[in-house]
Amino acid sequence: MEGETKSMAVAATVATIGEYVGQEVTLKGWIHTKREKGKIAFIVLRDGTGFIQVVLEQDRISPNEWEELREASLESSVIVRGLVKAEPRAPGGYEIQGLFFKAFHVTKDWPLGRKDHGVDFLMDNRHLWIRSRRQSAILRIRHTIETAMIEFLNKNGFYRFDAPIITAAACEGTTTLFEVDYHGDKAYLSQSGQLYAEAGALALGKVYTFGPAFRAEKSKTRRHLLEFWMIEPEAAWFEYEDNIQFQEQFVSYIVNAVLERNADDLKILDRPLEPLMRVKPPFPRITYTEAVELLGKNGFNVHWGDDLGAPEETFLSNYFDKPVFLTHFPAKIKAFYMQPDPENPEVVLAADLLAPEGYGEIIGGSQRIHDYELLRQKIREFGLKEEDYQWYLDLRRYGSVPHSGFGIGLERTVAWICKLEHIREAVPFPRMLHKLTP
RNA sequence: UCCGGAGUAGCUCAAUCGGCAGAGCAGCGGACUGUUAAUCCGUUGGUUGCAGGUUCGAGUCCUGCCUCCGGAGCCA
């Protein structure tokens with residue numbers, strides 16, 4: 001590298017290029033687009049941190065470099081050195097006046113043109129698609145969301161507590177699981193780390209798990225993946241209300257972090273900012289019973305005790321202009337471990353958080369049953385086997401405390417904040433029905 | 001798994017009543033000193049998803065299968 005650039009030029013990145021106006025810098029990246037016009041050529045270079053236009057004039061670089069430039073096609077990896085200029089004619093406001101050009105590797109037959117492509121083709125080329133403006137913007141925002149989630153939890157005294165991926169049995173007993181051969185025994189990929197997080201909360205006070213979760217259902221919708229990432233905070237001594245207020249702070253922190261750190265990326269996505277700027281505590285709340293009533297008034301045929309379907313959830317999500325807590329569900333349609341409401345044991349102290357703009361559920365949370373006998377009774381009522389939950393019941397035998405927690409789906413959060421049409425763009429390599437490669 | 005839709009050039013699509021399979025983009029060759037999906041000229045490119053059937057003749061009609069897309073259920 002040093003031998004190839006003829007002067008001392010700073011190694012810069014696109015994201016921080018504004019700090020180098022008037023200086024010579026070296027950039028390493030890839031050709032995103034190239035336009036040749038006789039003795040002048042424009043390339044848009046991407047380096048992972050952003051995109052910038054580089055202007056190369058034949059008179060300013062050597063004949064060899066000019067020849068390399070002519071041969072370098074889309075997505076060739078290149079090294080350029082040049083002068084940073086503020087340039088209103090260029091997208092982004094800055095431009096590089098090229099003084100040196102080298103193609104490190106010339107790409108032949110790049111499969112993704114600049115024209116429209118179908119989803120199928122793009123998904124088959126996902127490993128290349130992620131280089132695009134839009135996809136890379138989404139993935140940078142995903143990074144901010146993950147980082148902000150962890151930051152917030154750490155600042156609030158939560159310990160990261162990694163749950164196992166391979167587990168012995170169903171956590172909740174309802175969903176279909178991926179089976180793996182565990183040296184002759186049947187084992188399953190985890191659908192949730194929550195039960196382990198509860199053990200962690202009684203050991204460390206406040207913990208969170210962060211890892212992949214697996215659901216083997218043959219889901220085929222815009223909001224489901226077979227493999228997705230989930231953060232599950234769980235805190236001892238947290239009761240229902242503590243849990244809800246914590247979630248408000250948590251979600252607001254994440255949204256604010258994206259607004260502060262990814263302004264350029266949100267612009268690439270054309271994401272309206274007003275709905276995100278409204279995301280501040282407190283969030284509206286509506287009980288399940290009130291929701292059923294509201295839905296009935298709006299033409300939905302739902303009865304108390306029914307699980308709400310996707311169209312109902314979308315309606316509620318659009319009805320409010322902030323994330324909304326849907327609370328106090330009938331015990332029968334929720335998980336066995338949820339704490340019954342002391343004022344009405346037919347419902348549980350649980351809340352789902354629905355993201356606005358039609359996105360629907362991103363969080364499911366509840367206070368957990370801490371009473372040993374009540375939990376045993378619920379396990380029986382739900383038709384589960386007590387012997388499968390021995391260690392989980394132990395948590396109620398040895399120093400039990402009220403505790404609460406929630407799980408937030410990372411991809412659903414990304415899809416909402418980025419305003420994506422489909423969850424498959426919210427993760428680098430989505431795992432969907434019959435989609436295993438790349 | 002169920003309901004609906006679609007498979008034609010590398011990509012996005014067209015092809016009238018069953019009658020010679022086409023265009024744009026990409027690629028390749030050339031021109032151009034301010035392009036923004038550059039433009040202009042020339043040019044390459046086909047087992048019409050697979051198997052069978054009807055017909056003088058099938059991309060088009062019939063039967064079966066495969067793949068994908070959208071939605072439902074399940075849920076984060």
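A, B, ... follow the sequence lines: proteins, then strands. Residue 1 opens every chain. These numbers come from the heavy atoms of this one structure, side chains and all, not from hydrogens, waters or symmetry mates.
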(Q) Taking Ile31(A)'s backbone N and O only, do any of them form a donor-acceptor pair with Ser76(A)'s side chain (distance below 3.5 Å, no angle check)? (A) no

Q: Can you spot which of His370(A), Arg368(A), Glu198(A) makes a side chain to side chain donor-acceptor pair (under 3.5 Å) with His403(A)?
A: Glu198(A)

Q.
Could you check C62(B) for me: syn (within 90° of 0) or anti?
A. anti

Q: Would you mind reading off the distance between Met338(A) atom CE and C75(B) atom C1', rounded to a whole angstrom?
A: 11 Å

Q. Rounded to whole angstroms, how far apart are CD1 on Ile423(A) and P on A76(B)?
A. 12 Å

**Q.** Atom pair CG/OH of Leu395(A) and Tyr389(A) - distance to nearest 0.5 Å
**A.** 13.0 Å

Q. In whole Å, what separates the P atom of G5(B) from that of A9(B)?
A. 23 Å

Q: Could you work out which one of A72(B), G34(B), A76(B) sits closest to the side chain of Glu361(A)?
A: A76(B)

Q | Under-4.0 Å salt bridge between Arg261(A) and Glu151(A) | A | yes

(Q) Is it the case that G34(B) (base atoms only) and Glu95(A) (side chain only) share a donor and an acceptor within less than 3.5 Å, ignoring hydrogens and angles? (A) yes

Q | Shortest side-chain distance from Glu313(A), nucleotide among A76(B), C75(B), G73(B) | A | C75(B)

Q | Any strand: nucleotide that pairs with U48(B) via Watson-Crick or wobble, under 3.5 Å | A | none

Q) Under 5.5 Å between ring centres and under 30° between planes: true for Phe42(A) and the base of G34(B)? A) no

(Q) I'd like to know if the side chain of Arg46(A) reaches the main chain of Ser132(A), judged simply by a donor and an acceptor atom lying under 3.5 Å from each other, with no hydrogens or angles considered. (A) no

Q: Check the distance between C68(B)'s P and Arg424(A)'s CZ and give it to me in whole angstrom.
A: 13 Å

Q) If you pin Val119(A) and Trp229(A) to their nearest nucleotides in RNA chain B, which one's is more 5'? A) Val119(A)

Q. Which whole number of Å gives the distance between the C1' atom of C20(B) and that of U60(B)?
A. 15 Å

**Q.** U39(B) and U35(B), which share atom name P, separated by this distance in whole Å
**A.** 12 Å

Q) Quick one: which of C75(B), C74(B), U35(B) gets closest to the side chain of Gln53(A)? A) U35(B)

Q) Less than 3.5 Å between a donor and an acceptor, one on the side chain of Arg35(A) and one on the base of C32(B), is that the case here? A) no

Q: Give the rounded distance in Å between these two atoms: CZ of Arg70(A) and P of U33(B).
A: 12 Å

Q.
Once you apply a heavy-atom cut-off of 4.0 Å, does Glu232(A) come out as touching a base, just sugar-phosphate, or nothing?
A. nothing

(Q) Could you check whether the side chain of Ser219(A) and the base of C74(B) have a donor-acceptor pair of N or O atoms closer than 3.5 Å, going by distance alone? (A) yes

Q: Kindly indicate whether the side chain of Gln58(A) and the base of U33(B) share any N or O donor-acceptor pair separated by less than 3.5 Å?
A: no

Q. Heavy atoms under 4.0 Å, any strand shown: does Ile362(A) hit a base, just sugar-phosphate, or nothing?
A. sugar-phosphate

Q) Between Met149(A) (CE) and A76(B) (C1'), how many Å, whole number? A) 10 Å

Q: Provide the Watson-Crick or G-U wobble partner of C75(B), both distances under 3.5 Å; none if there is no partner.
A: none

Q.
Give me the distance, rounded to whole Å, that separates C50(B) from C40(B) when you measure between the C1' atoms they each carry.
A. 43 Å

Q: Indicate yes or no: does Asp352(A) engage Lys334(A) in a salt bridge with an N to O separation below 4.0 Å.
A: yes

Q) Separation of Asp59(A) atom CG from G34(B) atom C1', in whole Å? A) 15 Å

Q.
Any side-chain N or O of Lys37(A) below 4.0 angstrom from OP1/OP2 of G34(B)?
A. yes

Q | Pairing partner (Watson-Crick or G-U wobble, both distances under 3.5 angstrom) of A6(B) | A | U67(B)

Q. Is any side-chain N of the basic residue among Arg285(A) and Glu241(A) closer than 4.0 Å to the acidic one's carboxylate O?
A. yes

(Q) Any base atoms under 4.0 Å from Leu225(A), or only sugar-phosphate, or nothing? Heavy atoms, all strands. (A) base

(Q) Counting distance alone, no hydrogens or angles: does the base of C11(B) have a donor or acceptor under 3.5 Å from a partner atom on the side chain of His117(A)? (A) no

Q.
Whether the side chain of Glu232(A) engages the backbone of Gly193(A) through a donor-acceptor N/O pair (distance < 3.5 Å, no angle test) should be reported.
A. yes

(Q) Work out how far the P atom of G7(B) is from that of C13(B), and round it to whole angstrom. (A) 9 Å

Q.
Would you measure the distance from the P atom in C61(B) across to the matching atom in C25(B) and give it in whole Å?
A. 30 Å

(Q) Tell me the interatomic distance from Gln97(A), atom CD, to U33(B), atom P, rounded to whole angstroms. (A) 16 Å

Q) Is a salt bridge present between Glu24(A) and Arg81(A), judged by a nitrogen-to-oxygen distance below 4.0 Å? A) yes

Q. So which nucleotide from C74(B), A72(B), C68(B) ends up closest to the side chain of Asp120(A)?
A. C68(B)

(Q) Looking only at the side chain of Glu217(A) (C-beta and beyond, no hydrogens), which of the listed nucleotides C74(B), G73(B), G10(B) gets closest? (A) C74(B)

Q) Contact class for Ala41(A) vs. all strands (heavy atom < 4.0 Å): base, sugar-phosphate, or nothing? A) nothing

Q. Expressed in whole Å, how much space separates the P atoms belonging to U48(B) and A21(B)?
A. 11 Å

Q: Among the candidates G73(B), C75(B), G34(B), find the nucleotide nearest to the side-chain atoms of Arg412(A).
A: C75(B)

Q: Hunt down the Watson-Crick or G-U wobble partner of G22(B), both distances under 3.5 Å, from any strand shown, or write none.
A: C13(B)

Q: Quick one: look up who A31(B) pairs with, Watson-Crick or G-U, both distances under 3.5 Å, and put none if it's unpaired.
A: U39(B)

**Q.** Of the listed nucleotides G71(B), G10(B), U1(B), the one nearest the side chain of Phe121(A)
**A.** G10(B)

Q: Specify the residue among Trp110(A) and Gly409(A) whose closest nucleotide of RNA chain B lies further upstream toward the 5′ end.
A: Trp110(A)

Q. Taking atom C1' in both A23(B) and A14(B), what distance in whole Å separates the two?
A. 7 Å

Q) So what's G59(B) paired with, Watson-Crick or G-U wobble, going by both distances under 3.5 Å? A) none

Q: Would you kindly give the CG-to-C1' distance between Leu433(A) and C75(B), to the nearest whole Å?
A: 15 Å

